[in-house]
Amino acid sequence: MLTKSLVNQKLERLINIMLTDGVQPGDLSNNIFFDSYKQISYVKKDDTIIGEIVFTEEEKNVDIKMRYIYTLDKKIIRIEEEIDNNITLQWDRNIIETELVTDIVELLKGKYTEAQMKKFVSTLPEYLKEKVKNSYYAVA
């Protein structure tokens, strides 16, 4: 029973992430009116939009550059922070989705037969079906 609850929690989190677009460029652009914000820019590169925001963290007296990367359908896919040319990943949609799918597959692998797994996969949205199938066969 615990496995089912854990799978449902992870599926719910996965679906929420998939349905959430994330903070939008217009919302971030409004920050330019704050004193600590120095620069906000957006560029389109291939099939992504890259937003960069530079602001000063008063307590440390250091400039921070935040980089927001979006798909053309307005979903945020990655957030990076850059301080003194050191880039730190803050959030990555693909990494989180992959980890959740892997967790779900590992939980089900020991409990479900291949037929049960196929039935489970058939109930998922198309986007998730491929991720779960790929993870299942990579782990199996």
Side-chain angles (χ1 to χ4, degrees):
M1 195 64 168
L2 183 60
T3 301
K4 183 178 179 180
S5 174
L6 196 52
V7 168
N8 285 339
Q9 287 174 359
K10 289 184 182 287
L11 270 174
E12 186 175 314
R13 182 162 179 235
L14 180 60
I15 290 167
N16 284 339
I17 287 170
M18 291 173 56
L19 293 175
T20 302
D21 290 342
V23 64
Q24 293 298 295
D27 298 329
L28 293 171
S29 293
N30 285 332
N31 289 333
I32 197 67
F33 295 103
F34 295 122
D35 291 338
S36 60
Y37 282 74
K38 296 180 171 184
Q39 177 184 351
I40 296 178
S41 63
Y42 290 91
V43 296
K44 188 184 284 188
K45 184 176 180 185
D46 300 323
D47 59 347
T48 59
I49 305 295
I50 301 168
E52 291 187 342
I53 298 173
V54 179
F55 61 94
T56 301
E57 186 175 299
E58 301 290 331
E59 295 158 3
K60 296 180 182 176
N61 195 29
V62 65
D63 282 348
I64 298 174
K65 181 187 288 185
M66 296 298 297
R67 191 169 297 113
Y68 297 83
I69 303 166
Y70 297 86
T71 60
L72 294 178
D73 64 351
K74 300 181 180 181
K75 284 195 178 284
I76 193 159
I77 55 174
R78 186 176 179 94
I79 302 172
E80 300 171 344
E81 177 185 71
E82 184 175 339
I83 302 173
D84 294 330
N85 294 320
N86 293 315
I87 298 172
T88 304
L89 177 64
Q90 297 294 313
W91 191 85
D92 187 294
R93 182 180 297 272
N94 191 47
I95 290 171
I96 292 170
E97 287 178 355
T98 300
E99 286 174 353
L100 287 167
V101 166
T102 300
D103 289 350
I104 291 165
V105 167
E106 287 177 1
L107 286 166
L108 295 180
K109 191 176 88 170
K111 307 284 184 194
Y112 278 28
T113 66
E114 190 165 346
Q116 289 172 313
M117 192 65 179
K118 283 181 182 178
K119 184 176 179 181
F120 169 75
V121 168
S122 73
T123 67
L124 301 173
E126 288 303 316
Y127 176 73
L128 273 182
K129 285 180 185 179
E130 285 306 308
K131 281 188 173 263
V132 171
K133 278 191 232 178
N134 291 340
S135 182
Y136 179 78
Y137 290 110
V139 174

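If you read the sequence from its start, that first residue is 1, and numbering goes on from there.
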query = Counting N and O atoms only, with roles assigned by atom type, does the side chain of Gln24 sit under 3.5 Å from a partner on the main chain of Lys74, one being a donor and the other an acceptor?
reply = yes
message = Rounded to the nearest 0.5 Å, what separates atom NZ in Lys44 from atom CG in Leu72?
response = 6.0 Å
key: Lys131 side chain reached by Leu14 side chain, heavy atoms, under 4.5 Å   = no
ask   = Under a 4.5 Å cut-off applied to non-hydrogen side-chain atoms, are Ile17 and Leu100 in contact?
value = yes
Beyond-backbone contact of Leu124 with Leu11, side-chain heavy atoms, under 4.5 angstrom = yes
inquiry  = With rounding to the nearest 0.5 angstrom, report the CD1 to NZ distance, Ile49 to Lys75.
reply    = 15.5 Å
query = Is it true that Lys109 and Glu106 make a salt bridge, defined as a side-chain N closer than 4.0 Å to a carboxylate O?
reply = no
ask   = Taking only residues two or more places apart in sequence or in another chain, which ones pass side chain to side chain contact (heavy atoms under 4.5 Å, CB included) with Ile77?
value = Thr48, Ile69, Thr71, Arg93
Spacing of Glu97 atom CD and Asp92 atom CG [to the nearest 0.5 Å] = 9.0 Å
For residues 114-121, dump all side-chain donor-acceptor pairs below 3.5 Å to protein atoms at least two apart in sequence or in another chain.
{"from": "Glu114", "atom 1": "OE2", "to": "Tyr137", "atom 2": "OH", "distance (Å)": "3.0"}
{"from": "Gln116", "atom 1": "OE1", "to": "Thr113", "atom 2": "N", "distance (Å)": "2.8"}
{"from": "Gln116", "atom 1": "OE1", "to": "Thr113", "atom 2": "OG1", "distance (Å)": "3.4"}

query = Does Lys129 NZ have over 12 foreign heavy atoms under 6.0 Å away?
reply = yes
ask   = Got a donor-acceptor contact below 3.5 angstrom from the Lys10 side chain to the Thr102 backbone?
value = no
inquiry  = If I compare all heavy atoms of Ser29 with all of Ile40, which pair ends up nearest, and what's the gap?
reply    = O-CD1, 3.6 Å
ask   = Mind checking whether Ile104 and Val132 have side chains closer than 4.5 Å, heavy atoms only?
value = no
query = With sequence neighbours excluded, what pairs up with Tyr37 under the ring-ring contact (aromatic ring centres under 6.0 Å, His included) test?
reply = Phe55
request  = Please say whether more than 12 non-hydrogen atoms of neighbouring residues, nucleotides or ligands are located less than 6.0 Å from CG in Asn16.
outcome  = yes
message = For the CD atom of Glu82 and the OG1 atom of Thr88, what is their distance to the nearest 0.5 Å?
response = 9.5 Å
